[in-house]
Number of protein chains: 2
Amino acid sequence: MVARRITIVDVARHAGVSTTAVSKVLRNAYGASPAMQTKVRAAIEELGYRPSAAARGLRGRTYTIGVLLPDLGNPFFADILAGIGEPLGGTDYQVLMASSCNSQAGEARLTEAMIDRNMDGLILIAPVSSRRHLQNVARTVPTVVVGRHGHSPDYDTVADDDFTGAGLVVDHLVGLGHRHIAHIEHRETDPERLREMPNARRADGYRHAMQVHGLADHIDVAATTYTREGGYTGARQLLSREQRPTAIFAGADIVAMGVFDALTEAGLSAPGDISLAGYDDTAFASFGPISLTTVDQAGHQMGADATRLLLGRIEDRSRPTAQVRLSPTLVTRRTTAAPGTPG
Amino acid sequence: MVARRITIVDVARHAGVSTTAVSKVLRNAYGASPAMQTKVRAAIEELGYRPSAAARGLRGRTYTIGVLLPDLGNPFFADILAGIGEPLGGTDYQVLMASSCNSQAGEARLTEAMIDRNMDGLILIAPVSSRRHLQNVARTVPTVVVGRHGHSPDYDTVADDDFTGAGLVVDHLVGLGHRHIAHIEHRETDPERLREMPNARRADGYRHAMQVHGLADHIDVAATTYTREGGYTGARQLLSREQRPTAIFAGADIVAMGVFDALTEAGLSAPGDISLAGYDDTAFASFGPISLTTVDQAGHQMGADATRLLLGRIEDRSRPTAQVRLSPTLVTRRTTAAPGTPG
DNA sequence: TTGAAAGCGCTAACAT
DNA sequence: ATGTTAGCGCTTTCAA
C-alpha cells in the first residue's frame with residue numbers, strides 16, 4: 001500500500017552508474033564528468049528521487065538548521081525568522097524551529113534534541129541558558145547566538161546595540177520635556193546575564209542616559225518581566241508612585257502592550273496622561289489605534305546576518321568567531337508627546 | 001578537539017552487554033530483565049549517553065513530530081502549538097516546526113523536507129494545499145490536519161465548527177439591533193477550498209445566519225484576505241459603501257486589526273461609529289484598549305486533540321480516520337454595542 | 001573519472 | 001532472556 005521510497009540505489013541503477021557517482025552529483029562534489037552529471041540528473045528527475053536527509057546525516061550533513069525561539073507569542077521573533085530564511089533561498093538547507101518556553105530546562109532539552117537529530121547548525125534566539133551551556137552546545141555543533149551580548153571563542157553573536165537604543169528613547173523623551181521617565185525592565189540578578197542579556201543592557205542604557213541628562217534623581221525602575229503581564233504589573237506599580245512618572249519606557253513592545261492594559265484599566269491614555277515608548281518595532285507598534293513610539297532593532301537583518309555567519313561556520317568550524325552589532329533607530333509615533341499635551 | 005559522541009556501542013561495552021540489549025532498554029521493548037535494565041540504565045547515566053535520533057530514524061522512529069504553520073505573525077497559532085505540546089510531556093517526542101508562508105509551494109517544500117527527515121508524524125495547520133497533496137503526504141507519513149474541513153480516509157482532522165461560530169457573531173449583532181452587518185472574508189474561488197477552508201465556512205455561516213434573521217437583502221461581503229492588510233482594504237471598501245454597515249464581522253482577529261487601522265485612519269471608532277467582531281480570540285483581542293468581541297475556537301484543545309490523534313495513528317496506521325469538530329463560543333467584549341451607542 | 005566496499009548509529013530478525 | 005548479524009540510505013575512503 002505505501003510505496004517504497006526511491007533511494008540512491010534506484011537512481012544509480014536507472015542511470016547505469018554507481019551510487020558513488022550519484023552521491024557526487026548530489027553534493028556537487030569533485031569527480032563527476034558533465035556527461036555523468038547529465039545522466040544522473042535525468043534519472044533523478046525521472047524517478048522523482050529526493051535524498052533522505054536522515055540517512056545523509058549519518059555520514060555527512062542533514063542540510064537542516066535549527067532555530068530556538070524563546071516563545072511564539074512575541075511577534076518580534078517573526079521578523080528575525082523571516083531574515084533567517086532569506087540567505088537560505090536556493091540552498092538545500094531547511095529551517096526547523098522549536099520554542100523553548102523561555103526556560104533554561106526547555107532550552108537544554110531542545111538544544112539536545114536538535115543535536116541528537118544531527119542538525120548542521122543552530123541559531124539560538126535570546127537564549128536564557130548559562131554561558132557554559134551555550135559553549136557546550138557550540139562546541140558540539142556550529143552555533144550563532146542572536147540577541148545576547150558577550151564574546152565567545154565558540155559561537156558567533158548578532159545583537160542590537162541595546163544600550164544605545166535605550167538612550168535614544170530617553171533622549172527623545174527628554175527632548176519632549178519629560179523629566180520623570182520611568183523604565184520597566186526584566187528582573188535580572190545573575191551577574192552573567194546582567195552582562196549579556198539585552199534587557200539588562202537596555203536598563204543600563206536607560207540609567208546611563210538619565211545620568212547624562214542630569215536626571216539621576218529621577219531614575220525609576222519597575223523590575224518585572226518582558227511579558228504583557230510584566231508590563232501590566234510594572235505599570236500598576238509606577239502609576240501608584242507618590243510621584244507618578246510622566247513617561248514610561250517599556251523594555252519591549254510586548255511590555256508596552258501590558259502597560260496599555262493597565263492604563264485602560266485606570267482610565268488613562270497615552271500620550272494624554274502619560275507618554276509611552278516600547279522597543280522592537282513589532283507589527284503591534286504600528287497598529288493604528290496604538291501607534292507606539294518604539295525602537296527598530298532590524299530583526300530581519302539580525303536574522304539574515306545570523307544565517308550568513310552560521311553558513312560560514314558550517315564550512316569552516318575553526319575560523320575565529322565574529323560579533324555583529326547592529327545600530328537601532330528610534331521610530332517616533334503617537335504615544336509620546338510633551339508632558340501635559342491634551343490626549 | 002570535538003569530543004566523539006557516545007554511542008550505543010560504548011554503553012554496551014561499559015555495561016558488559018550487547019547493543020541489542022541496550023536498544024531494548026531504550027525502547028522499553030520486550031526481552032530485557034530487570035537486572036539488565038538496571039545495568040544498562042546505569043551505564044547510560046554514567047556515560048551521559050543520548051541516542052542519535054537520526055540513526056534511529058533509519059530503522060525505527062525519529063521521535064520527531066513536524067508541525068507546519070502558515071505563518072508566525074498570526075498569534076492564534078501560538079495557542080494551537082501550546083496544545084500540541086501538552087500530550088507530549090513525558091514522552092520522547094519532540095516537536096519541530098516550520099512556517100510555510102501561506103503558499104502551496106512552501107507547503108509542498110516543507111512537507112517534503114519533513115518526510116525526507118524521517119519525521120514520525122505531521123500536524124498540518126490550516127494548510128492551503130490541494131486535497132490531493134494532503135492525501136499524498138498522509139499516505140507517506142501519519143498526518144493530522146488542523147483547521148480544515150472535509151473527511152479523508154488518509155488523515156485525521158480537527159476543526160472548529162466555523163459555520164456555527166460565524167452564526168454566533170451574527171446572532172449577537174442582530175440581538176444588539178444591527179441589520180446592516182457586513183463581513184470581510186478571505187477570497188476563495190477553488191471549489192475544493194470553498195468546501196474545506198475555515199474562512200469559506202465562516203462566510204457561509206454568515207450568509208446563512210443573515211438569511212435566518214431575514215436579512216438576506218443586507219448581506220454584504222468584502223472579499224480580501226485573512227491578513228491585517230486584507231482587513232484594512234476590506235474595511236475601506238465597506239466604509240465607502242453608499243449604505244455603510246453598522247457592524248463588521250471580520251473573519252479573523254488579525255483581519256479585525258486591519259479594520260482598526262482603517263477606522264483610525266477615517267477618524268472612526270468601535271463601537272461608537274461601527275461595531276466590530278473578530279474570530280479566534282487571540283491575545284490581541286483581550287488587549288485593553290481594543291477589547292475585541294470575538295469567537296473562541298479553543299486553539300489549545302485543537303492542538304492537544306491533534307497530537308492525541310497523531311500518536312494513535314503512529315501506533316496504528318490502519319485505524320479508521322477520525323474527524324474532531326470543536327464547538328466555538330462567543331466572547332463578548334467592548335467593540336460591539338447597539339447601533340448609535342455613543343463611543 | 002569512476003566504482004567497490006566499509007562504515008555512520010541504530011533496530012529488527014533470527015539464533016542461542 | 002540474551003546476543004549475533006544484517007541491514008536502513010547515504011557518504012567516504014581507496015583502488016582501479
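In what follows, chains are A, B, ... by sequence order, proteins preceding strands, each numbered from 1.
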Please report, to 0.1 Å, the donor-acceptor pairs under 3.5 Å made by any side chain of residues 39-47 of chain B, with sequence neighbours excluded.
| unit_1 | atom_1 | unit_2 | atom_2 | d |
| --- | --- | --- | --- | --- |
| B/Arg41 | NH2 | B/Gln37 | OE1 | 2.7 |
| B/Glu46 | OE1 | B/His14 | NE2 | 2.9 |

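- A/Ala29 comes within 4.0 angstrom of nothing in the nucleic acid, heavy atoms only.
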Indicate every side-chain donor-acceptor pair of residues 66-73 of chain B with a distance under 3.5 Å to a residue at least two apart or in another chain.
| unit_1 | atom_1 | unit_2 | atom_2 | d |
| --- | --- | --- | --- | --- |
| B/Asp71 | OD2 | B/Gly73 | N | 3.2 |
| B/Asp71 | OD2 | B/Asn74 | N | 3.1 |

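- Looking at heavy-atom distances under 4.0 Å, A/Val17 makes contact with sugar-phosphate atoms alone, never a base.
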Could you tabulate the donor-acceptor pairs under 3.5 Å formed by side-chain atoms of residues 301-310 of chain A, not counting sequence neighbours?
| unit_1 | atom_1 | unit_2 | atom_2 | d |
| --- | --- | --- | --- | --- |
| A/Thr307 | OG1 | A/Ile84 | O | 2.9 |
| A/Thr307 | OG1 | A/Gly303 | O | 3.2 |

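- Residues meeting the salt bridge (Lys or Arg N to Asp or Glu O under 4.0 Å) test with A/Arg117, sequence neighbours left out: none.
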Could you pull out the protein-nucleic contacts involving nucleotides 12-16 of chain C (nitrogen or oxygen on both sides, under 3.5 Å)?
| unit_1 | atom_1 | unit_2 | atom_2 | d |
| --- | --- | --- | --- | --- |
| C/dA12 | OP2 | B/Arg27 | NH1 | 2.6 |
| C/dA12 | O4' | B/Arg59 | NH2 | 3.3 |
| C/dA12 | N6 | B/Thr20 | OG1 | 3.1 |

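- Computed from coordinates, the B/Tyr63 OH to C/dC10 C1' distance equals 11 Å when rounded to whole Å.
- The span of DNA chain D lying next to chain A, judged by atoms under 4.0 Å from heavy atoms, is bounded 5' to 3' by D/dG9 to D/dT12.
- Counting only residues at least two apart or in different chains, salt bridge (Lys or Arg N to Asp or Glu O under 4.0 Å) contacts with residues 6-18 of chain A comprise A/Arg4-A/Asp10, A/Asp10-A/Arg13.
- Residues in residues 69-116 of chain B take part in these ring-ring contact (aromatic ring centres under 6.0 Å, His included) pairs, two or more places apart or across chains: B/Tyr63-B/Tyr93.
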Donor-acceptor contacts, no H, no angles, side chain residues 24-31 of chain B, under 3.5 Å, sequence neighbours left out:
| unit_1 | atom_1 | unit_2 | atom_2 | d |
| --- | --- | --- | --- | --- |
| B/Arg27 | NE | B/Ser23 | O | 3.3 |
| B/Arg27 | NE | B/Ser23 | OG | 3.1 |
| B/Arg27 | NH2 | B/Ser23 | OG | 3.0 |

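- When the salt bridge (Lys or Arg N to Asp or Glu O under 4.0 Å) test is applied to A/Arg61, the partners found at least two apart in sequence or on another chain are A/Glu315.
- Axis deviation across the helix from C/dT1-D/dA16 to C/dT16-D/dA1 amounts to 40°, comparing end segments of five pairs, rounded to 10 degrees.
- A/Pro127 pairs by the side-chain contact (heavy atoms from CB on, under 4.5 Å) definition with A/Glu107, A/Leu124, A/Leu134, A/Val145, A/Arg148, not counting sequence neighbours.
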